[in-house]
Each structure stands twice: as C-alpha cells, then as structure tokens.
Engineer: 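If you scroll down you'll find the structure; I have some questions about it.
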Amino acid sequence: MAKRLENLFFIILCILFVPVLITVLFNKINIDLFGTRKLVIVSLIFIVVLLFGLSKIYKIWDRVKISEVKFLICITTLYFILLICFALYFMQDGYAETSWVYEGANILANGGSILGDGYYEIKFAQFQYLSGILFVAVFFEKIAVFFHLNERIFLAVINCILTSTILPSSYYICKKIFSKRAAWYSVIILFCYIPIYFTSCIFYNYTFIFAFPVGILALYVSMMEKDNVCIKQIIAIGFLTGLGYCIFNVCAVVTIAVFIELFLLRNKKKIALLIGLTSIVFSIVFSIYFNSQYYTYIYNEGIYNENKYPMLESTVYVGLNKDTYGRFSVEDEDFIKSYDSYQSKKEALRSQIKERWNGMSNGDKVKFLMNKAAVNFGNGTYYTEWTSNDNLWKQRKIIRFFSKDYDDVKYYRSFFGAANLGVCVTSIWGIRNRYATLVPWISIFGIMIVSLISETNPRHILDYLPFLIVIFANFCDILYERLERKMK
C-alpha cells in the first residue's frame with residue numbers, strides 16, 4: 001500500500017512538473033523574465049560542465065582526506081563572511097518594503113510607541129502578518145541597544161548566521177538519504193548560488209526563516225532510522241514550525257510533508273501525531289504572543305478596521321490576475337483599498353475571486369496555471385521589483401557579472417531549468433527505487449501548490465530552494481554514476 005502511494009505521488013509530481021519544465025524551457029510568456037529559447041541547450045551544457053567539474057574536484061578533495069567537520073566549518077565560515085559582505089554592501093541603501101519594519105522595531109525597542117503614528121499604524125494594519133517578524137526584530141534590537149550595537153547590522157548578522165546553517169543541514173540530509181558525493185555537490189552548489197541574492201541577508205519574514213524548513217528536514221532525517229519516539233527532535237521540529245509559521249506561513253509545508261510521510265507511507269502514526277500536535281501547540285503559543293504584542297503596541301481600532309487586508313482573499317485574488325500571471329499589480333491594490341471596511345473588502349474579494357476563476361475556460365485555467373508556475377520556478381533571479389532602485393541596480397550589477405543583460409538571465413534560468421529537470425528525472429527514478437525519505441519531493445509539491453493558489457512571487461519559494469538543490473545534487477550523483485559505469 002505504501003509503495004503504491006509513493007508511486008502515485010511521483011506520478012502526480014511528474015504530471016505537474018513536466019508541463020512546467022516544458023513551459024520554462026520553451027515558453028512564450030511575454031514578460032521581461034524570459035526571452036531565450038536557447039535555455040534547454042544552456043541547461044544541458046550547465047549540467048555536463050557542473051557534473052564533471054564538481055566530480056573532478058570531489059575526487060581531489062576525497063583524496064586529500066580532509067575531515068567532514070573541518071570542511072563544513074571552513075566552508076560555512078567562509079559562507080557567513082560572504083553573506084556579511086553582501087549585507088554591508090546592500091545596507092548602504094534602504095529597502096522599500098522592509099524599511100518600515102526596521103524602523104517600527106527600532107521605535108518599539110527604544111521604548112517609543114507606534115500608536116498615533118498614522119504611517120506605521122496603516123502599514124501594520126494592512127499587513128498584520130508582519131507582526132511576527134516585527135516583534136522578533138524588537139527582541140534582537142533590544143539586545144543591540146543594551147550592548148550599544150548598530151541595530152541594523154546586528155539584525156543582518158543574526159540573519160546571516162541563520163542562513164549559514166543551511167550548508168551543514170543540506171550536507172547532513174544528502175549524506176543520510178543519498179550519498180557523500182551528493183552531499184558535497186549540494187554544499188558547493190548552495191555556496192555558489194545563494195549569496196548573490198541580497199534578500200538572503202536582509203532581516204525580513206521569509207529570509208529570517210530561510211534555514212527553518214531545511215533545519216526541520218535535517219531533524220526529521222536524524223530521527224528517521226530510530227523506532228523510538230525522539231522527544232528532543234519532535235520538540236525542536238514543533239518549535240521551528242510554530243515560530244516559522246507565525247513569521248511566514250510557508251514554513252509549515254515541510255512539517256505537513258513529514259506528517260504525510262509518517263502517517264501514510266511509514267505507518268508511524270504515533271510520531272506523526274506527536275509532531276503535528278507539538279507544531280500546533282507552538283503555533284498557537286507564538287500566535288497568542290505576537291497578537292498580544294500587536295494589540296498592545298500597534299492596534300488602533302479605526303485605522304485597523306479601515307486598512308486591514310484580508311490576507312488569504314487578497315493573495316488569492318492577486319494570484320488569479322490573468323494579465324499579470326498572478327503577479328502584484330497597482331490596479332489590484334487600488335481595488336482592495338477602494339473598500340472602507342475589512343468585511344466589505346473580504347466580501348468584494350471573494351466575489352472577484354469567483355468571477356476571475358469562472359471567467360476562464362478549463363483550457364485557459366490549465367494554461368494560466370502552467371505559466372504561473374513557470375514564472376515562479378523558471379526564474380533563477382528571484383526578481384526583486386519591490387526593492388529600492390539603488391539595491392535593484394546593485395543586484396543587477398552582480399547579475400551582469402554572470403550575464404551581460406539582466407533581462408536575459410539565461411545562466412540563472414539555466415540553473416533553474418536544470419534543477420526542475422532534476423526533480424522530474426528523480427521523480428521518475430523514484431517510481432522504481434525507494435528513497436529513504438520522500439519529504440524533499442513532497443515539500444516541493446506542497447510549495448508548488450501554495451504558489452499556484454497565492455500571488456505569483458518567486459521569492460515566496462526561496463525558503464525551499466535548498467530542497468531543489470538537494471534533489472538536484474542527487475540527480476547529478478545518479479547521472480555521474482551511470483556515465484562513469486558506461487565509460488568503464
């Protein structure tokens with residue numbers, strides 16, 4: 001039964017990912033993120049060069065006999081220093097979307113009040129879900145104030161420390177469920193790929209929890225082989241899920257994947273229920289804390305009721321905009337703001353959601369969802385329109401080091417094309433070969449579903465990029481092993 005469910009899952013994943021891969025490689029989407037049909041060739045060249053290049057380096061590294069602990073300490077430290085350099089480079093300018101979170105946290109950390117300040121009250125009324133990252137920022141800023149440190153640099157350092165943990169976590173996951181060589185691949189690819197995104201060093205909701213999903217998976221892998229209940233790991237998973245969910249809810253996708261695997265595929269219902277229950281308890285505790293802080297320091301009834309966005313309805317409404325492939329548009333924001341109260345906004349949005357969905361034929365719906373997935377999974381740059389012009393220009397400058405034209409970022413898309421190909425191939429491979437765990441694939445499937453339902457924004461799936469890279473590293477390992485066997 002479990003094997004049949006696994007096979008069914010992999011077939012569903014292939015059905016979803018193969019059209020996306022085809023759309024990514026041969027798309028005709030008329031937006032600036034795409035434009036080359038040479039992507040498939042570049043992707044294949046990228047895989048071959050990466051495969052043989054990394055394999056040769058791996059053989060040298062393996063011959064030198066450097067201990068894994070020393071290797072991970074050195075590369076993680078170097079990675080952290082690199083992130084800090086990028087953080088300082090980008091920190092000279094403000095961040096259009098994050099500056100008011102920093103400033104609001106700074107006011108509260110220094111004993112001030114947001115109540116009565118229309119600008120902050122309106123912002124936090126609109127986006128109450130940001131109260132989680134706001135009060136986490138307040139906690140760290142109070143520490144910075146106590147020790148007379150620069151608050152913004154201190155927050156960046158905290159974020160860079162957390163982000164750096166993805167390297168040892170990914171190495172451990174790959175080594176346990178795939179191979180040592182795949183683990184090495186994953187660390188090197190992550191090291192080369194992640195730091196170029198200044199979003200990974202900004203202290204914000206989706207970047208603060210960047211290391212949480214892969215950390216949860218590492219904890220799960222560590223308890224996977226044990227038959228007894230591992231209380232420490234379960235509590236840690238529950239804590240990371242609860243805190244992560246209250247800061248940026250996509251963090252819960254990996255925990256749901258763990259629950260599905262334990263409950264349906266591994267028949268470990270007791271452990272699954274304990275993880276589920278612990279995660280829910282921590283989520284409730286953190287929600288109560290963040291909401292109590294919100295209503296103490298920010299809440300103003302008149303401003304709140306007039307300006308609060310119904311977040312679920314808002315993101316689904318924006319996500320169904322056929323003209324923008326589900327991306328943010330000023331017209332959609334103006335429509336939401338045109339209603340006076342929270343309840344009237346919610347009713348209007350629900351009506352518009354039905355109208356937008358029912359206004360498409362079945363064929364149009366499939367095409368729309370494929371294009372929407374391609375925008376999310378086909379762009380390797382995590383296009384950051386939301387940033388200040390200076391920061392966007394700086395990121396473009398770095399991107400141009402790899403690609404002459406920012407709007408033709410074929411090298412970035414070639415990596416994403418290759419990673420998507422890795423997911424497809426290993427999914428087909430999984431039908432014939434049992435993996436130690438399917439959680440990376442289930443998580444990718446889950447985040448794909450979430451991205452199809454909500455607003456199209458590639459940075460929303462940034463937290464699951466390590467999962468794509470872990471799967472891609474396994475794909476490279478399988479491919480190299482088969483090629484090496486045929487060459488003998």
Side-chain angles (χ1 to χ4, degrees), residues 6-7 9-18 20-21 24-25 43-44 46-47 50-51 54-55 166-167 169-194 210-211 213-218 220-221 224 250 253-254 256-258 260-261 265 373 376-378 380 412-451 458 461-482:
E6 285 183 25
N7 291 346
F9 164 73
F10 277 129
I11 289 165
I12 292 169
L13 193 63
C14 287
I15 290 168
L16 283 171
F17 252 90
V18 169
V20 172
L21 181 65
V24 168
L25 297 178
S43 296
L44 292 171
F46 177 89
I47 292 171
L50 184 75
L51 194 59
L54 288 181
S55 298
I166 66 170
L167 292 185
S169 295
S170 298
Y171 186 91
Y172 178 79
I173 291 162
C174 267
K175 187 183 174 185
K176 284 288 183 183
I177 63 178
F178 302 131
S179 69
K180 187 179 174 183
R181 184 166 55 199
W184 192 86
Y185 286 166
S186 70
V187 167
I188 299 301
I189 296 169
L190 278 166
F191 180 86
C192 296
Y193 197 71
I194 297 296
F210 187 40
V214 74
I216 290 167
L217 179 57
Y220 171 63
V221 168
M224 202 168 55
V250 299
V253 169
V254 62
I256 294 168
V258 167
I260 289 169
E261 176 166 285
L265 304 178
N376 273 322
F377 284 88
Y412 282 70
R413 291 208 313 279
S414 70
F415 171 79
F416 243 59
N420 289 327
L421 184 62
V423 173
C424 292
V425 172
T426 52
S427 296
I428 296 164
W429 185 266
I431 295 171
R432 295 169 46 227
N433 300 272
R434 283 182 78 92
Y435 290 109
T437 176
L438 306 185
V439 170
W441 285 270
I442 300 173
S443 299
I444 292 296
F445 172 75
I447 198 66
M448 184 178 182
I449 297 301
V450 170
S451 68
I461 62 170
L462 180 66
D463 299 315
Y464 287 85
L465 178 60
F467 287 64
L468 267 176
I469 290 176
V470 161
I471 293 170
F472 180 58
N474 174 47
F475 167 62
C476 289
D477 189 37
I478 292 168
L479 192 60
Y480 183 80
E481 194 179 308
R482 290 196 155 226

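The model shown is predicted, which means the values in this text are computed figures rather than measured ones. For reference, positions follow the sequence shown, starting with 1.
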Engineer: Have a look at S443 and tell me which of V254, I216, I260 forms a side chain to side chain contact (heavy atoms under 4.5 Å, CB included) with it.
Structural biologist: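 So the option named by the test is V254.
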Engineer: Could you tell me whether the side chain of S451 and the main chain of M448 form a donor-acceptor pair under 3.5 Å?
Structural biologist: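 Yes; judged by distance alone, with no hydrogens or angles, the pair exists.
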Engineer: In Å and rounded to the nearest 0.5 Å, what is the CD1 to CG distance from I444 to L465?
Structural biologist: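 If we round to the nearest 0.5 Å, I444:CD1 and L465:CG are 8.5 Å apart.
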Engineer: Does anything in residues 472-481 pair up under salt bridge (Lys or Arg N to Asp or Glu O under 4.0 Å), and if so which pairs, sequence neighbours excluded?
Structural biologist: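 Those involving residues 472-481 are R181-D477, E481-R485.
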Engineer: My understanding is that only residues two or more places apart in sequence, or in another chain, count here; which of them pass ring pair (Phe, Tyr, Trp, His ring centres under 6.0 Å) with F467?
Structural biologist: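 F467 satisfies ring pair (Phe, Tyr, Trp, His ring centres under 6.0 Å) with Y464 once adjacent residues are dropped.
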Engineer: Going from CD1 on I447 to CD1 on I442, what distance comes out if it is rounded to the nearest 0.5 angstrom?
Structural biologist: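 Reported value, rounded in 0.5 Å steps: 14.0 Å.
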Engineer: If we only count heavy atoms from C-beta on, is the F210 to P466 side-chain gap below 4.5 Å?
Structural biologist: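 Contact flag for F210/P466 side chains = yes.
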Engineer: Quick one: OG on S186 to CG on L468, what's the gap to the nearest 0.5 Å?
Structural biologist: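 Reported value, rounded in 0.5 Å steps: 13.0 Å.
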Engineer: What are the two closest non-hydrogen atoms of V450 and V250, and how far apart are they?
Structural biologist: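 Answer, listing the atom of V450 first, then V250: CG1-CG1, 4.3 Å.
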Engineer: Looking at CD1 of I478 and OG of S179, how far apart are the two atoms once the value is rounded to the nearest 0.5 Å?
Structural biologist: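 Nearest 0.5 Å value for the CD1-OG distance: 9.0 Å.
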Engineer: Test your reading of the model: is there a side-chain donor-acceptor pair from E261 to the backbone of T437, 3.5 Å cut-off?
Structural biologist: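 Checking the backbone N and O of T437 against the side chain of E261, no donor-acceptor pair under 3.5 Å is found.
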Engineer: Are any of the side-chain heavy atoms of L217 and P440 separated by less than 4.5 Å?
Structural biologist: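 Yes. Closest side-chain heavy atoms under 4.5 Å.
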Engineer: Can you give me the closest heavy-atom contact between A473 and C174, atom names plus distance?
Structural biologist: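 Looks like CB-SG, 4.4 Å.
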Engineer: List for me each residue that meets salt bridge (Lys or Arg N to Asp or Glu O under 4.0 Å) alongside K176, sequence neighbours excluded, and say none if there are none.
Structural biologist: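 Applying salt bridge (Lys or Arg N to Asp or Glu O under 4.0 Å) to K176 gives none.
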Engineer: In the structure I gave you, are the side-chain heavy atoms of K180 and W184 within less than 4.5 Å of one another anywhere?
Structural biologist: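 No; the side chains remain at least 4.5 Å from each other.
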